[in-house]
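Sequence lines set the chain letters: A, B, ... in the order given, protein chains first and strands last, and positions in each chain run from 1.
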There are 2 protein chains.
Amino acid sequence: MQDDDWREDCAPRRVLEIFATKWTSMILHTLNARHKGAARSGALHRSLPGVSKKMFVQTLRDMETGGLLDRHIDSTVPPAVTYRLTPLGHRFVGLVDLVYDWGRDNADALDALQPREGARRTRSTVLSQSEHDA
Amino acid sequence: MQDDDWREDCAPRRVLEIFATKWTSMILHTLNARHKGAARSGALHRSLPGVSKKMFVQTLRDMETGGLLDRHIDSTVPPAVTYRLTPLGHRFVGLVDLVYDWGRDNADALDALQPREGARRTRSTVLSQSEHDA
DNA sequence: GAACGTAGTTACCTTAAGGAGACCACCATG
DNA sequence: CATGGTGGTCTCCTTAAGGTAACTACGTTC
């Protein structure tokens with residue numbers, strides 16, 4: 001392996017972009033695993049606990065722009081919007097499943113991993129953590 | 001698949017934490033692939049183009065806390081510090097290699113992926129275009 | 001004694017990611 | 001007419017991630 005393999009824009013580094021946005025991989029996975037590749041907006045949203053409306057829509061837009069999803073509007077009376085995976089989206093589902101399956105098979109490793117110092121203050125611990133040296 | 005599989009702290013979601021910090025996976029991979037699992041601070045740093053000193057050290061600290069790395073200080077004349085993968089670290093190298101190998105094998109999919117609207121001016125984009133026409 | 005290399009620490013700053021919550025337009029139902 | 005469901009948009013806000021650059025301290029070499 002050469003230095004060149006690790007210049008800024010090599011393929012390995014770019015893979016990380018899929019995981020850089022919090023919900024992208026989960027949308028890919030859920031759309032594929034629970035909705036057979038296509039789902040209406042509301043149904044998809046409800047199957048992703050924790051995502052805010054804003055981030056949900058924003059992530060879908062980014063994924064559509066990226067070519068991972070198609071957005072179909074049945075412009076009927078209450079406009080029904082359906083999202084479906086593109087072929088490119090399906091490619092990336094393969095990657096996501098790889099990673100998620102690893103997580104399932106290695107849950108013990110994930111349990112063994114201690115959280116980072118800075119990552120445990122979930123806004124509730126922030127308030128009680130204000131007393132270091134004065 | 002049930003809703004319960006997607007509650008906040010399921011294994012699949014936690015895997016993402018490894019990729020949440022920009023340099024963690026690269027350090028794991030590089031340490032394993034280019035340094036046989038152990039390297040001195042400076043050598044490791046030099047094999048990771050783009051990382052700032054601060055983030056390099058900070059990420060190493062977090063990884064040490066997480067149990068992915070050991071830090072050995074040969075307190076000799078100029079203190080030589082060596083980082084080596086722990087068994088847990090080796091586990092995660094497996095995951096990282098999985099992802100990076102996918103990236104290598106699917107570079108065309110990565111090329112086909114259009115960047116997000118908001119992600120136009122990331123560092124890699126800036127660098128790869130820093131010598132634009134102007 | 002100035003510069004260099006090792007291995008950091010610290011302060012300061014910018015940006016982007018993410019979340020909260022209000023609002024819009026449409027229609028149906030009670 | 002108020003409520004609820006669809007599928008959004010908008011603005012405001014907080015936090016964390018990451019980067020820059022300066023500084024430490026030690027020892028060697030020019």
Tell me the bend of the helix from C/dG1-D/dC30 to C/dG30-D/dC1 as the angle between end helix axes, each from five pairs, rounded to the nearest 10 degrees. 20°
Answer yes or no: side-chain N or O of B/K54 and base N or O of C/dG8 forming a donor-acceptor pair under 3.5 Å. no
Nucleotide [N], atom [atom2] - distance to [atom1] of [X] in whole Å:
{"X": "B/F56", "N": "D/dT20", "atom1": "CZ", "atom2": "P", "answer": "16 Å"}
{"X": "B/D74", "N": "C/dG8", "atom1": "CG", "atom2": "P", "answer": "12 Å"}
{"X": "B/H72", "N": "C/dG8", "atom1": "NE2", "atom2": "P", "answer": "13 Å"}
{"X": "A/L44", "N": "D/dG8", "atom1": "CG", "atom2": "P", "answer": "11 Å"}

Side-chain donor/acceptor of [X] to backbone N/O of [Y], under 3.5 Å:
{"X": "B/T86", "Y": "B/G67", "value": "yes"}
{"X": "A/S47", "Y": "A/L44", "value": "yes"}
{"X": "A/S41", "Y": "A/V81", "value": "no"}

Phosphate oxygens OP1/OP2 of [N]: is one of them under 4.0 Å from a side-chain N or O of [X]?
{"X": "A/R46", "N": "D/dT6", "value": "yes"}
{"X": "A/K22", "N": "C/dG19", "value": "yes"}
{"X": "A/R61", "N": "D/dG8", "value": "yes"}
{"X": "B/Y83", "N": "C/dG8", "value": "yes"}

Touch class at under 4.0 angstrom, heavy-atom based, for A/S41 against every strand present: sugar-phosphate
Looking at the side chain of [X], which of [options] is the nearest nucleotide?
{"X": "B/R71", "options": "D/dG7, C/dA7, D/dG19", "result": "C/dA7"}
{"X": "B/V57", "options": "C/dG8, D/dG8, C/dC12", "result": "C/dG8"}
{"X": "A/K53", "options": "C/dT6, C/dG19, D/dG7", "result": "D/dG7"}
{"X": "A/T21", "options": "C/dA7, C/dG18, D/dG19", "result": "C/dG18"}

Can you work out whether B/T59 or A/R40 has the more 5'-proximal nearest nucleotide on DNA chain D? A/R40
Which atom of B/R13 lies closest to which atom of A/P49, heavy atoms considered: NH2-O, 3.1 Å
Which heavy-atom pair separates B/M63 from B/T24 by the least distance, and what is that distance? CE-O, 3.8 Å
Describe, in one word, how the ring planes of A/W102 and B/F92 are oriented to each other, choosing from parallel (under 30°), tilted (30 to 60°) and perpendicular (over 60°). tilted
Which residues pass the salt bridge (Lys or Arg N to Asp or Glu O under 4.0 Å) test with B/D97, not counting sequence neighbours? none
